[in-house]
Amino acid sequence: MTLSLYNTLNRRSEPFAPLEAGKVKMYCCGITVYDYCHLGHARTCLSWDVVRRYLQWSGYAVNYIQNFTDIDDKILNRARQENSSMAEVADKYIDAYHEDMAALHIQPADEYPRATHCLDGIQKLITDLEQKGFAYASQGDVYYSVRKFEGYGKLSGRKLEDMQAGASGRVETDPEADIKQDPCDFALWKGAKEGEPSWRSPWGEGRPGWHIECSAMVRDRLGETIDIHVGGSDLIFPHHENEIAQSEAATGQPLAQYWMHNGMVKVEGEKMSKSLGNFITIRDLLKTYDPMAVRLFILQAHYTKPLDFTDEALQAATKGWETLNEALLFGEELPTQDISADAGILQKFRDIVDKDLNFSGGLAIVFELAKELKKEKNILVHEGKLTQNPQILATVWLTLKELADVLGFVASEKAAVADDEFSLTAEEIEDILRQRKEARANKDYAEGDRLRDVLVEAGITIMDRPSGKTEWYRE
RNA sequence: GGUGGCAUGGCCAAGCGGUAAGGCAGAGGUCUGCAAAACCUCCAUCCCCAGUUCAAAUCUGGGUGCCACCUCCA
């Protein structure tokens, strides 16, 4: 079995073979930094994080580049609102981005190029396109002439004619309509407007268009052709289509061998959008849910399919994560010297996941391992013994640990909660439990149950062990 | 109008020609004075219709219903 990947370019799954043996050049279209990251970004970043980990686990050295778009109208608008500058707004949300990604345990990219730091490469690319006849200047702007590029539409499967026919009204109301030769042409460079940041260029003061930065960055950091180009499926058209047009017209080489796109996120059945008011940021989400539960939730569905964030689903994922977490923690008590993971099971996992990154299928194996460990742990806690040889369990654990690492799961101890956050202190609880024990010894169950209810109301759960000991914990 | 995708148990979701993974929830049982926790067991023939095949959730044709994209988008 070899890895196969669904390639948007050809609309089918294809065996993966990198350009250079053992190495993968990967580029992910990042974010425009004008606000906090939301669920959609979480899904995109998390999906490709795991793909990257899986490629690494499969023996590839992955060079992973992700950009920040830090020149954009939305950033300028935000700067006006906040009485700030474009650079300040960008810096603020880039910092926030790194915080959010760290919280989700996403590996940092090898590099995060920013549009404002790539002006030379951008201008060079535009110049190349101009010289080759794919670009034209018009009233201070520079546009890409889509009809000059033969393969235009090959990624998104569109024809220029089809797009014009009944397209949305935006084409007609396009303010640039009369300065473009064709309504489908897009800006490579925009002439400066009063009061906006701008850069010097052969076409006068101005700033780059949206699509050109990615073409320039890929060329600068990774070369003319890369292995895998990823991003949200909403970027297929026009963003990635335009990237292809720009890069391939300039270099004459394919921009990427494999184009991969993750599905969109919905919230309670509706598309997430600011106008619907169901726009949820990562930081808000993580106030309620464990980042690992979010990771599990996202990995439970295939990366290409739409994913609906509902409280019910997140709660289910939280429970599932608790099982995984317990199993991962339990293993740390097992003897692992001279023991290694079960190669057969690892291979089984690989066989499943190799088919277009079927992580949800692979999770079935992870859970089989986790449940076995969790069960043993509980038997140990409740009965004080193991039913299996610790060495066998250590093998199970090492296997689980390896797969959990591939998927980016990190176990965490339940956070200790300070006494003063609760109405009852540990001492008071122990005291009530002593009274309850006495009442039960006297067969005064009504009083025993009353005391238990007192604790339950204070958020304390108690467990009477067969040994006669009573354990408790706070909800 | 154009292009693409999806439809599997109460919910989420794998499977892509060989007789339905996994998670969550639920039911019964063991244990317990009762609980809690834990452990054991159980729980679907895959939107509809018609084909192809020894064999179809998986292929073909036709329906129905959702969804996304068509220059703001991860």
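In this text the structure is predicted, and so the values were computed from the model without any measurement. FYI, side chains are in, hydrogens and waters are out, and symmetry mates aren't considered; it's all heavy atoms of this structure.
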**Q** Return the nearest nucleotide to the side chain of A/Lys305; candidates are B/A37, B/A7, B/A21.
**A**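 Nearest listed nucleotide: B/A7.
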**Q** Restricting to non-hydrogen atoms, name the atom on A/Met86 and the atom on A/Ala79 that form the minimum distance, rounded to 0.1 Å.
**A**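 The pair with the smallest heavy-atom distance is N-CB, 3.8 Å.
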**Q** Please report the distance separating the P of B/G10 from the corresponding atom of B/A27, rounded so that it comes out in whole Å.
**A**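 Comparing P positions in B/G10 and B/A27 gives a spacing of 16 Å.
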**Q** What's A/Gly448 touching, base or sugar-phosphate or nothing? Going by heavy atoms closer than 4.0 Å.
**A**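 It contacts nothing in the nucleic acid.
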**Q** Is A/Leu235 touching bases, backbone alone, or none of the nucleic acid, heavy atoms closer than 4.0 Å?
**A**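 It contacts sugar-phosphate atoms only.
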**Q** Once you apply a heavy-atom cut-off of 4.0 Å, does A/Thr310 come out as touching a base, just sugar-phosphate, or nothing?
**A**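 If one applies the 4.0 Å heavy-atom cut-off, A/Thr310 turns out to touch nothing in the nucleic acid.
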**Q** In this structure, how many angstroms lie between the P atom of B/G23 and the CH2 atom of A/Trp321, rounded?
**A**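 Distance check: A/Trp321 CH2 to B/G23 P gives 16 Å.
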**Q** Hey, is the side chain of A/Asp464 pairing donor to acceptor with the base of B/C34 inside 3.5 Å?
**A**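 Yes, a donor-acceptor pair under 3.5 Å.
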**Q** So which one's nearest nucleotide on RNA chain B is more toward 5', A/Glu368 or A/Ala313?
**A**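 That would be A/Ala313.
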**Q** Starting at CG of A/Leu363 and ending at C1' of B/A21, how long is that distance when rounded to a whole Å?
**A**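 My rounded result for the distance is 11 Å.
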**Q** Counting the atoms with a prime plus P, OP1 and OP2 as sugar-phosphate, which does A/Gly40 contact under 4.0 Å by heavy atoms, base, sugar-phosphate, or nothing?
**A**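 If one applies the 4.0 Å heavy-atom cut-off, A/Gly40 turns out to touch a base.
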**Q** May I ask which nucleotide in the shown strands pairs with B/C59, Watson-Crick or G-U wobble, both distances under 3.5 Å?
**A**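 Checking every strand shown, B/C59 finds its partner in B/G51, with both distances under 3.5 Å.
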**Q** From C-beta outward on A/Gln300, which listed nucleotide comes closest to its side chain: B/A14, B/G23, B/A74?
**A**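 Nearest nucleotide to the side chain: B/G23.
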**Q** Output yes if the stacking criterion (under 5.5 Å between centres, under 30° between planes) is met for A/Phe367 over the base of B/G22, else no.
**A**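 A stacking contact does not exist, since A/Phe367 is not both close and nearly parallel to the base ring of B/G22.
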**Q** According to the Watson-Crick and G-U wobble definitions, with both distances under 3.5 Å, which nucleotide is paired to B/A25?
**A**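 Looking at the geometry, B/A25 pairs with no nucleotide.
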**Q** Could you check whether any side-chain heavy atom of A/Tyr473 comes within less than 4.5 Å of a side-chain heavy atom of A/Met463, counting everything from C-beta outward?
**A**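 The answer is yes, as the side chains (C-beta and beyond) meet within the 4.5 Å cut-off.
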**Q** In whole Å, I'd like the distance from the CG atom of A/Asp356 to the P atom of B/A14.
**A**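 After rounding, the gap between these two atoms is 12 Å.
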**Q** Think A/Lys271 has a side-chain N or O under 4.0 angstrom from the OP1 or OP2 of B/C69?
**A**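 A/Lys271 to B/C69 OP1/OP2: side-chain N or O found under 4.0 Å.
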**Q** Below the 4.0 Å mark, does B/U71 have OP1 or OP2 next to a side-chain nitrogen or oxygen of A/Lys180?
**A**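 Indeed not, no polar side-chain atom of A/Lys180 lies that close.
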**Q** Which value, in whole Å, describes the distance between the C1' atoms of nucleotides B/A21 and B/U58?
**A**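 Per the computed distance, 15 Å lies between those C1' atoms.
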**Q** Check whether NZ of the Lys or CZ of the Arg A/Lys148 lies under 6.0 Å from the centre of the six-membered ring of A/Phe134 and within 45 degrees of that ring's axis.
**A**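 Cation-pi check for A/Lys148 and A/Phe134: fails.
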**Q** May I have the distance from A/Glu383 (atom CD) to B/A38 (atom C1'), rounded to whole angstrom?
**A**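 Taking atom C1' of B/A38 as the reference, CD of A/Glu383 is at 8 Å.
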**Q** Classify A/His302 by what it touches in the nucleic acid, base, sugar-phosphate, or nothing, heavy-atom distance under 4.0 Å.
**A**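 Touches sugar-phosphate only.
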**Q** Select one nucleotide: of B/A13, B/C6, B/A37, the one nearest the side-chain heavy atoms of A/His382.
**A**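 Of the options given, the side chain of A/His382 lies nearest B/A37.
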**Q** Are OP1 or OP2 of B/A21 and a side-chain N or O of A/Lys348 less than 4.0 angstrom apart?
**A**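 No, outside the criterion.
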**Q** Which of these, A/Gln347, A/Lys355, A/Lys348, sits in a side-chain hydrogen bond (donor to acceptor under 3.5 Å, both in side chains) with A/Asp351?
**A**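 For A/Asp351, the side-chain hydrogen bond (donor to acceptor under 3.5 Å, both in side chains) check succeeds only for A/Gln347.
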**Q** Quick one: which of B/C11, B/A68, B/G15 gets closest to the side chain of A/Glu312?
**A**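 The listed nucleotide nearest to A/Glu312's side chain is B/C11.
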**Q** Report yes if at least one side-chain N or O of A/Asn378 is closer than 4.0 Å to OP1 or OP2 of B/A37; otherwise report no.
**A**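 False: A/Asn378 side-chain N/O out of range (4.0 Å or more) of B/A37 OP1/OP2.
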**Q** With a 3.5 Å cut-off and heavy atoms only, can you find an N or O donor on one side and an acceptor on the other between the side chain of A/Thr44 and the base of B/A74?
**A**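 In this structure, the two groups form a donor-acceptor pair.
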**Q** For the pair made of CZ in A/Arg452 and P in B/A37, what is the distance, rounded to whole Å?
**A**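 Atom CZ in A/Arg452 sits about 12 Å away from atom P in B/A37.
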**Q** Would you kindly give the OH-to-P distance between A/Tyr303 and B/A14, to the nearest whole Å?
**A**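 The distance from OH of A/Tyr303 to P of B/A14 comes to 12 Å, rounded to the nearest Å.
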**Q** Tell me whether the OP1 or OP2 atom of B/A25 has a side-chain N or O from A/Lys319 closer than 4.0 Å.
**A**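 Yes, because at least one side-chain N or O of A/Lys319 sits under 4.0 Å from OP1 or OP2 of B/A25.
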**Q** So what does A/Val456 touch, heavy atoms closer than 4.0 Å: a base, only the sugar-phosphate, or nothing?
**A**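 No contact.
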**Q** OP1, OP2 of B/A74 versus side-chain N and O of A/Asn262: anything below 4.0 Å?
**A**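 Answer no for this pair, as no side-chain N or O of A/Asn262 is under 4.0 Å from OP1 or OP2.
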**Q** What nucleotide among B/A74, B/C70, B/C73 has an atom nearest to a side-chain atom of A/Phe237?
**A**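 The listed nucleotide nearest to A/Phe237's side chain is B/C70.
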**Q** With rounding to the closest Å, how many angstrom separate the P atoms on B/C16 and B/A50?
**A**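 Comparing P positions in B/C16 and B/A50 gives a spacing of 26 Å.
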**Q** Pairing check on B/C69: which nucleotide meets the Watson-Crick or G-U wobble criteria with it, both distances under 3.5 Å?
**A**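 Partner of B/C69: B/G2.
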**Q** Using only heavy-atom distances, decide whether a donor-acceptor pair under 3.5 angstrom links the side-chain of A/Asp449 to the base of B/G33.
**A**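 Pair found.
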**Q** When the P atoms of B/A7 and B/C12 are considered, how many whole Å apart are they?
**A**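 About 12 Å, rounded to a whole number of Å.
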**Q** Does the side chain of A/Lys74 get closer than 4.0 angstrom to OP1 or OP2 of B/C73 through an N or O atom?
**A**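 False: A/Lys74 side-chain N/O out of range (4.0 Å or more) of B/C73 OP1/OP2.
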**Q** The side chain of A/Pro238 lies closest to which of these nucleotides: B/A74, B/U71, B/C39?
**A**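 Minimum distance to the A/Pro238 side chain belongs to B/U71.
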**Q** Given B/C39, B/A13, B/U71, which nucleotide is nearest the side-chain atoms of A/Ala301?
**A**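 Within the option list, the nearest is B/A13.
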**Q** Roughly, in whole Å, what's the span from CG in A/Asp72 to C1' in B/U71?
**A**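 It works out to 14 Å between those atoms.
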**Q** Between A/Phe186 and A/Tyr143, does the ring centre distance come in under 6.0 Å?
**A**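 Centroid separation for A/Phe186 and A/Tyr143: 6.0 Å or greater.
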**Q** Run the side-chain hydrogen bond (donor to acceptor under 3.5 Å, both in side chains) test on A/Glu372 and A/Gln388 for me, step by step, so that the C-alpha distance in whole Å, both residues' side-chain angles and the decisive distance to 0.1 Å come before the verdict.
**A** CA-CA 10 Å; A/Glu372 188 175 350; A/Gln388 287 200 52; 3.0 Å; yes
**Q** Which heavy atom in A/Asp311 sits nearest to a heavy atom in A/Glu268, and how many Å separate them?
**A**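 In this case the closest contact between A/Asp311 and A/Glu268 is N-OE2, 3.2 Å.
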**Q** I want to verify a distance call: between B/A13, B/G2, B/C72, whose nearest atom is closest to the A/Arg158 side chain?
**A**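 The answer is B/G2.
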**Q** Nearest to the A/His41 side chain among B/A74, B/U71, B/G23, which nucleotide is it?
**A**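 So the nucleotide nearest the side chain must be B/A74.
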**Q** If we check ring pair (Phe, Tyr, Trp, His ring centres under 6.0 Å) with A/His38, which of these qualifies: A/Phe279, A/Tyr93, A/Tyr97?
**A**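 When A/Phe279, A/Tyr93, A/Tyr97 are each tested with A/His38, the ring pair (Phe, Tyr, Trp, His ring centres under 6.0 Å) holds only for A/Phe279.
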**Q** Answer yes or no: side-chain N or O of A/Arg43 and base N or O of B/A74 forming a donor-acceptor pair under 3.5 Å.
**A**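 Per atom types, no contact qualifies.
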**Q** With rounding to the closest Å, how many angstrom separate the P atoms on B/C11 and B/U71?
**A**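 After rounding to an integer number of Å, I get 36 Å for this pair.
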**Q** Can you check the distance between B/G23 and B/C70, where both ends of the measurement are the P atom (answer in whole Å)?
**A**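 It works out to 38 Å between them.
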**Q** Determine the Euclidean distance between corresponding P atoms of B/C49 and B/A13; express it in Å to zero decimal places.
**A**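 Looking at atom P only, B/A13 and B/C49 are 24 Å apart.
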**Q** Can you tell me how far P of B/A74 sits from CZ of A/Phe309, to the nearest Å?
**A**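 Distance check: A/Phe309 CZ to B/A74 P gives 15 Å.
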**Q** Please determine, for the side chain of A/Trp210, which listed nucleotide (B/A37, B/C72, B/G23) has the closest atom?
**A**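 When the side chain of A/Trp210 is considered, B/C72 is the closest of B/A37, B/C72, B/G23.
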**Q** Checking A/Arg158 against A/Phe237: charged group under 6.0 Å from the ring centre and within 45 degrees of the axis?
**A**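 The answer is yes, since A/Arg158 meets both limits relative to A/Phe237.
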**Q** Can you tell me, in whole Å, how much space there is between the C1' of B/G15 and that of B/C46?
**A**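 Between the two C1' atoms, the distance is 11 Å.
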**Q** How are the rings of A/Tyr112 and A/Phe68 set relative to one another: parallel (under 30°), tilted (30 to 60°) or perpendicular (over 60°)?
**A**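 Because their plane-to-plane angle is under 30°, the rings of A/Tyr112 and A/Phe68 count as parallel.
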**Q** So what's B/A38 paired with, Watson-Crick or G-U wobble, going by both distances under 3.5 Å?
**A**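 The answer is B/U30, by the H-bond criterion.
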**Q** Would you mind classifying the nucleic acid contact of A/Ser360 as base, sugar-phosphate or nothing, using non-hydrogen atoms under 4.0 angstrom?
**A**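 It contacts base atoms.
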